[in-house]
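First comes the structure, then the notes that go with it.
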Amino acid sequence: MPKKTPVYVTQPLLPDLQDFLPYLETIWENKVLTNAGPFHQQLEQALCDYLGVKHICLFANGTLALMTALQALRISGEVITTPYSFVATAHSLLWNGIKPVFVDVDPVTLNLDPGKIEAAITPHTTAIMPVHCYGQPCDVASIEKIADNYNLKVIYDAAHAFGVRHQGTSVLNYGDLSVISFHATKIFNTFEGGAIICPDAKTKLRIDRLKNFGFVDEVTVVAAGINGKMSEINAAFGLLQLKGIDAAREQRRAIDAAYRVQLAGVPGIHCLTAGEGDAANHAYFPILVGPAYPLSRDQLFGALREQEIYARRYFYPLISDFPMYRDMPSAAPARLPIAQRASSQVICLPIYPGLADDIVAAIVAIIAAPFTTTIDS
């Protein structure tokens with residue numbers, strides 16, 4: 001594969017520009033750019049229909065949605081969460097003056113381990129914030145049982161989980177609230193964007209007010225809200241993107257399957273278990289580089305980069321290793337052995353619609369090269 005053609009871990013799905021122009025022309029004609037305009041309202045309904053959820057509140061990005069979800073449920077004190085995620089998960093807590101309490105992850109799914117949650121609960125604990133890591137559903141039943149027993153709220157960081165279903169329903173319907181991301185790297189994107197999925201109209205109304213400075217009407221403000229609104233351009237783009245999402249997901253599924261077949265015989269390379277059918281959206285393709293592989297994870301990462309394959313180490317470092325968190329008692333590496341091990345072994349390989357079969361084969365060849373070289377020699 002020629003080095004002059006870099007391959008990145010993902011590539012945004014973009015429709016034909018000509019198909020987007022009519023949406024822009026409509027925006028230019030009606031001169032409504034924001035504040036829940038017609039495209040915004042259409043996208044909310046279209047996403048409710050597609051995802052199988054009752055109410056959705058669109059946001060400018062997923063981080064603002066996380067921050068607002070915490071405000072909407074009046075969360076304070078301590079929140080139990082995972083160290084194995086993107087930093088926005090814990091940052092949303094700090095920005096709300098909430099203390100994150102990190103709990104280790106399950107070795108199979110790399111999601112928050114329910115068996116370790118209860119030991120982390122204190123009189124200051126008010127909520128649990130799990131992450132559906134790589135789109136793999138959490139053990140929602142166990143988490144719900146713990147939350148009910150201790151009267152805790154559950155907010156799912158579902159940034160990776162667009163379109164994922166669990167036991168016949170959208171995984172976004174679990175918990176008190178779920179927050180999803182429509183960032184450019186996600187399987188469904190609105191350039192930048194995000195949303196909160198909520199169970200009832202009353203909660204949606206509160207969230208819609210919070211994301212618009214707390215305004216009820218022109219002269220009435222009832223909460224210290226924020227500006228989290230999605231623009232009409234982003235919403236219009238989302239409506240167009242939704243038309244091609246099923247085809248995009250099918251392409252991702254095929255690439256996922258190709259990696260699994262071709263990597264099956266490479267010692268020391270472990271592919272995380274993927275759900276069947278709609279239990280997976282194939283948003284990422286993580287592998288773990290184990291002791292049986294001749295190179296360290298970082299050596300393999302470097303070998304891929306030498307061939308301009310820009311894989312990513314999602315998630316390394318752990319959130320708990322960053323300066324603003326690492327002095328917290330729950331961030332001690334000894335308390336998080338599974339997350340620490342996964343963080344030291346993980347590489348997410350390129351996966352996106354349009355990734356050619358020969359590129360997938362070339363990536364696998366680089367990973368298998370240490371064994372091929374040994375055999376040839």
Side-chain angles (χ1 to χ4, degrees), residues 53-55 57 62-63 65-106 109-133 136-161 164 166-167 169-180 195-200 202-204 206-207 210 223 318-320 325 328-332 335-336 338-339:
V53 300
K54 291 181 179 178
H55 300 281
C57 307
T63 304
L66 277 173
M67 292 167 58
T68 306
L70 291 160
Q71 284 282 324
L73 296 183
R74 299 177 175 89
I75 304 301
S76 61
E78 297 176 357
V79 170
I80 293 171
T81 192
T82 172
Y84 194 81
S85 182
F86 185 62
V87 291
T89 304
H91 281 2
S92 67
L93 297 168
L94 280 192
W95 271 73
N96 276 286
I98 299 165
K99 180 182 178 181
V101 175
F102 298 109
V103 164
D104 208 2
V105 298
D106 177 88
T109 64
L110 303 184
N111 288 328
L112 192 65
D113 186 344
K116 297 186 172 72
I117 290 176
E118 286 189 90
I121 295 173
T122 75
H124 304 290
T125 306
T126 58
I128 307 169
M129 184 184 281
V131 176
H132 299 300
C133 190
Q136 175 83 2
C138 292
D139 184 348
V140 292
S142 295
I143 291 171
E144 181 179 6
K145 183 177 180 180
I146 294 167
D148 288 346
N149 286 343
Y150 290 89
N151 194 28
L152 304 177
K153 299 293 186 182
V154 179
I155 298 175
Y156 280 103
D157 181 339
H160 302 173
V164 174
H166 179 69
Q167 296 185 346
T169 186
S170 171
V171 76
L172 304 174
N173 285 321
Y174 290 91
D176 294 279
L177 296 173
S178 285
V179 178
I180 196 163
I196 300 175
I197 288 78
C198 47
D200 56 75
K202 182 179 179 181
T203 305
K204 174 174 168 52
R206 173 165 168 76
I207 292 170
L210 282 170
L318 294 177
I319 298 174
S320 51
Y325 303 107
M328 296 176 177
S330 66
R335 293 174 177 263
L336 308 167
I338 306 301

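Counting begins at 1 with the first residue of the sequence. The structure presented is a predicted model; accordingly, all values stated were derived computationally and were not measured.
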Checklist entry - In terms of heavy-atom contacts, does CG of Asn149 have more than 12 from other residues, nucleotides or ligands at under 6.0 Å? => result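 Correct, the count exceeds 12.
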Next on the checklist: Taking atom NZ as the centre, does Lys116 end up with more than 12 heavy-atom neighbours from other residues, nucleotides or ligands that are less than 6.0 angstrom away?
Outcome noted: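 Atom NZ in Lys116 is packed in, count exceeds 12.
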Does the side chain of [X] reach to within under 4.5 Å of the side chain of [Y], using non-hydrogen atoms?
X      : Y      : value
Asn111 : Pro130 : no
Asp104 : Asp113 : no
His91  : Thr63  : no
Val179 : Ile196 : yes
Asn173 : Val53  : yes

Once you round to the nearest 0.5 Å, how far does [atom1] of [X] lie from [atom2] of [Y]?
X      : Y      : atom1 : atom2 : value
Lys153 : Thr125 : NZ    : OG1   : 15.0 Å
Ser320 : Met328 : OG    : CE    : 10.5 Å
Ile80  : Ile117 : CD1   : CD1   : 6.5 Å
Leu70  : Leu210 : CG    : CG    : 11.0 Å
His55  : Lys202 : NE2   : NZ    : 13.0 Å
Lys204 : Cys57  : NZ    : SG    : 4.0 Å

Please name the pair of heavy atoms, one in [X] and one in [Y], separated by the smallest distance, quoted to 0.1 Å.
X      : Y      : answer
Pro137 : His166 : CB-ND1, 4.1 Å
His160 : Cys133 : ND1-C, 3.8 Å
Leu172 : Ser178 : O-OG, 3.1 Å
Ile180 : Ala161 : CD1-C, 4.2 Å
Val79  : Ile98  : CG2-CG2, 3.5 Å
Val103 : Ala120 : CG2-CB, 3.6 Å

Item to check | Any donor-acceptor pair under 3.5 Å from Thr68 side chain to Ala65 backbone | outcome: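 No.
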Checklist entry - Got a donor-acceptor contact below 3.5 angstrom from the Thr126 side chain to the Ser76 backbone? => result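 Flag set: sc Thr126 to bb Ser76 pair under 3.5 Å.
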Next on the checklist: Can you classify the ring geometry of Tyr325 versus Phe102 as parallel (below 30°), tilted (30 to 60°) or perpendicular (above 60°)?
Outcome noted: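 Ring orientation, 0 to 90° scale: perpendicular.
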Checklist entry - For the residue pair Tyr156 and His132, does the interplanar ring angle fall in the parallel (under 30°), tilted (30 to 60°) or perpendicular (over 60°) class? => result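 The rings of Tyr156 and His132 lie parallel, inter-plane angle below 30°.
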Item to check | Trace of the side-chain contact (heavy atoms from CB on, under 4.5 Å) decision for Leu73 with Leu177 | outcome: CA-CA 9 Å; Leu73 296 183; Leu177 296 173; 3.7 Å; yes
Checklist entry - Please walk me through it: do Val154 and Glu144 pass side-chain contact (heavy atoms from CB on, under 4.5 Å)? => result CA-CA 8 Å; Val154 179; Glu144 181 179 6; over 6 Å; no
Checklist entry - Stepwise, does the side-chain contact (heavy atoms from CB on, under 4.5 Å) test hold for Leu66 with Met129? => result CA-CA 10 Å; Leu66 277 173; Met129 184 184 281; 4.2 Å; yes
Checklist entry - If you measure only the distance, is there a donor-acceptor pair under 3.5 Å linking the side chains of Asp200 and Thr203? => result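 Indeed, the side chains of Asp200 and Thr203 share at least one donor-acceptor pair under 3.5 Å.
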Checklist entry - Applying the side-chain hydrogen bond (donor to acceptor under 3.5 Å, both in side chains) test to Asp157, which of Thr81, Thr82, Thr89 qualifies? => result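 Result for side-chain hydrogen bond (donor to acceptor under 3.5 Å, both in side chains) with Asp157: Thr89.
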Next on the checklist: Using the rule given for side-chain contact (heavy atoms from CB on, under 4.5 Å), can you reason through Asp106 versus Ile338, listing the C-alpha separation, both sets of side-chain angles and the distance that settles it, and then say yes or no?
Outcome noted: CA-CA 7 Å; Asp106 177 88; Ile338 306 301; over 6 Å; no
